[in-house]
**Student:** 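The structure that follows is given in the form of structure tokens.
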There are 2 protein chains.
Amino acid sequence: MATRAGTGRQARGGETGAAGPDSRGGTPAPVPQRLMAAATRLFAEQGYDRTSVQEIVEAAGVTKGALYHYFGSKDDLLHEIYGRLLRLQQERLDLLAEREAPVEERLRQVAADVVVTTIENLDDAMIFFRSMHQLSPEKQKQVRAERRRYHERFRALIEEGRRAGVFSDATPADLVVDYHFGSVHHLSSWYSADGPLTPQEVADHLADLLLRALRP
Amino acid sequence: MATRAGTGRQARGGETGAAGPDSRGGTPAPVPQRLMAAATRLFAEQGYDRTSVQEIVEAAGVTKGALYHYFGSKDDLLHEIYGRLLRLQQERLDLLAEREAPVEERLRQVAADVVVTTIENLDDAMIFFRSMHQLSPEKQKQVRAERRRYHERFRALIEEGRRAGVFSDATPADLVVDYHFGSVHHLSSWYSADGPLTPQEVADHLADLLLRALRP
DNA sequence: AATCACATACCGACTGGTTAGTCTGCTCGG
DNA sequence: CCGAGCAGACTAACCAGTCGGTATGTGATT
């Protein structure tokens, strides 16, 4: 349904294969990917509203006709960026949460992992929390729903740890989740690859702060 | 240069007196305040770029002539909103940090206070975190510098506590500061006055999480 | 193997609408 | 009578999205 046939929307193409939009001199990446990459960079640099469709297509080396062939609207591009990040993080959360390990160890891994993947996709993350409100209300609702699922999965881990008696229950679990995700969102406004800390180090520290705060 | 001779900039007027833009039927609030109040509300609701100057002046019951009489540009309005919040929080931080009390008590109060004042000015805060990058580079630099002063003052408290042996030094102090302010920034995306928690309760919980994370 | 039918992929000029900021001039208190 | 305070028409720029058109490929029919 999604791809060809009727409307040529919803690109998404090669999630596998080379990471960059153009993996060296060989064949250039497909047009939809080039558009997504250009939009991501420009949205992160200038903001959504300040980036014109014209700029995006020029950066991707195509024209408006191509963009509107693959995407329904400018705001579709934004929605795809969100989808990409959310799918990635949800997938990793599910993977880690189901492991065999003490709950405090699983929470630590999950808390650190979301930090690492956020830093590794810092442009996406920056766009995420800056431009959410610029999505159409309908798409916004959808994104929020997915986000909530993520938070609930995370909260479930905290509650599991409480029942097991390894976490304090001094603070409502929702608040603890928001406390941690606040710091995750905030990453894009201070983390720099030039800084002294690697993504993994930052992640370990932040996860450690969370676990320390939860000590009984 | 920008405006006319006398540069009628920098409104700011009655910081004292009635809080609202129009304190009941009597005399309406002065035009600059009405403009600031209207701009604050609209920026928070729709975002900076999506709010037209025309909307602002209509909401304030004046015309463009009035706005450009008092403010140099649309982005000046934004800058004033930042200034208002930053001045308020800096002032309160200085006040609390200089009190006579054990350092852990002072940190707790400071950490909670910034949460309360953020919630009490949630529109300002939301605009702050969403629209920073829409300021002119020059004004952005200025705001960042003020923000940094605030963070450094906060960090100094943590370091004082470490020297006194009451805080753990497992995590770099900068990271701890960013951890806490992440959650403060994040407030505007989840806190609701209709929720079960009062601002003070949220503040106490968040301050508690910080202090718990810092236990040696 | 040549032709036809049809779809995908893309081009780029164009449209209708919006925007920040300017400018001239009115009004009214002192 | 003068200037601060403001009105509101105006300008020059810009922008998302549309649309008619072209090129290329593919499968079926002759």
Side-chain angles (χ1 to χ4, degrees), chain A residues 1-14 21 27-36 38-39 42-43 46-80 131 134-136 139, chain B residues 1-14 21 27-36 38-39 42-43 46-81 131 134-136 138-139:
Chain A
M1 267 302 126
T3 42
R4 36 202 70 218
T7 58
R9 308 293 178 64
Q10 298 306 72
R12 199 167 301 167
T27 40
V31 169
Q33 271 85 333
R34 295 217 310 270
L35 284 166
M36 284 282 284
L42 290 167
F43 289 166
Q46 321 178 347
Y48 177 78
D49 277 322
R50 302 202 162 184
T51 301
S52 70
V53 170
Q54 193 58 44
E55 280 179 288
I56 297 171
V57 298
E58 271 165 24
V62 293
T63 61
K64 284 191 174 190
L67 192 153
Y68 284 99
H69 180 72
Y70 292 107
F71 300 92
S73 63
K74 185 186 174 187
D75 129 299
D76 239 35
L77 230 26
L78 195 55
H79 191 225
E80 269 302 308
S131 308
Q134 281 150 343
L135 270 179
S136 74
K139 293 192 184 109
Chain B
M1 263 343 77
T3 43
R4 31 197 74 239
T7 67
R9 304 291 185 66
Q10 302 307 72
R12 198 165 303 167
T27 41
V31 170
Q33 272 84 335
R34 295 216 311 270
L35 284 166
M36 283 281 285
L42 289 167
F43 289 166
Q46 321 176 346
Y48 177 78
D49 277 322
R50 301 204 162 182
T51 302
S52 70
V53 170
Q54 194 58 42
E55 280 179 287
I56 298 172
V57 297
E58 271 166 24
V62 294
T63 60
K64 284 189 170 192
L67 192 152
Y68 284 97
H69 180 72
Y70 292 107
F71 298 92
S73 63
K74 185 186 175 187
D75 129 299
D76 238 35
L77 231 26
L78 194 55
H79 191 224
E80 269 302 310
I81 293 173
S131 309
Q134 280 149 345
L135 271 179
S136 74
E138 185 193 347
K139 294 192 183 107

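Source: prediction; values computed, not measured. In what follows, chains are A, B, ... by sequence order, proteins preceding strands, each numbered from 1. All heavy atoms count here, side chains included; hydrogens, waters and symmetry mates do not.
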**Student:** Using every non-hydrogen atom in the two residues, find where B:L78 and B:S131 come nearest and quote the distance to one decimal.
**Tutor:**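 Minimum heavy-atom contact is CD2-O, 3.8 Å.
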
**Student:** Please list each protein N or O that sits under 3.5 Å from an N or O in nucleotides 14-16 of chain D, with the distance.
**Tutor:**
| from | atom 1 | to | atom 2 | distance (Å) |
| --- | --- | --- | --- | --- |
| D:dA16 | OP1 | A:T51 | O | 3.4 |
| D:dA16 | OP1 | A:K74 | NZ | 3.0 |
| D:dA16 | OP2 | A:V53 | N | 2.8 |
| D:dA16 | N7 | A:K64 | NZ | 3.0 |

**Student:** Look up atom CG in A:L67 and atom NZ in A:K74, then write down how far apart they are to the nearest 0.5 Å.
**Tutor:**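 Between atom CG of A:L67 and atom NZ of A:K74 there are 10.5 Å.
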
**Student:** Rounded to the Å, how far apart are B:E58 CD and C:dT18 P?
**Tutor:** 12 Å

**Student:** Using the side chain to side chain contact (heavy atoms under 4.5 Å, CB included) criterion, which residues pair with B:A60? Sequence neighbours excluded.
**Tutor:** B:R34, B:L35, B:A38, B:V62

**Student:** Without decimals, in angstroms, what is the distance between A:Q33 CD and C:dA9 C1'?
**Tutor:** 15 Å

**Student:** The criterion is side chain to side chain donor-acceptor pair (under 3.5 Å); which residues satisfy it with A:K139, sequence neighbours excluded?
**Tutor:** A:D75, A:D76

**Student:** Suppose we screen for salt bridge (charged side-chain N to carboxylate O under 4.0 Å, His left out). Which residues come up paired with A:K64, at least two apart in sequence or across chains?
**Tutor:** none

**Student:** Enumerate the protein-to-nucleotides 2-5 of chain D contacts in which both atoms are nitrogen or oxygen and the separation is below 3.5 Å.
**Tutor:**
| from | atom 1 | to | atom 2 | distance (Å) |
| --- | --- | --- | --- | --- |
| D:dG5 | OP2 | B:H69 | NE2 | 3.2 |

**Student:** If you define the side chain from C-beta out and look only at heavy atoms, does anything of B:V53 sit under 4.5 Å from B:Y68?
**Tutor:** yes

**Student:** Please list all pairs meeting salt bridge (charged side-chain N to carboxylate O under 4.0 Å, His left out) that have one or both residues in residues 49-61 of chain A, counting only residues at least two apart or in different chains.
**Tutor:** A:D49-B:R50, A:R50-B:D49

**Student:** Applying side chain to side chain contact (heavy atoms under 4.5 Å, CB included) to B:I56 and B:F43, what does each step give before you reach the verdict?
**Tutor:** CA-CA 9 Å; B:I56 298 172; B:F43 289 166; 3.8 Å; yes

**Student:** From CG of B:L67 over to P of C:dT22, roughly how many Å is that when rounded to an integer?
**Tutor:**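 One finds 12 Å between P of C:dT22 and CG of B:L67, rounded.
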
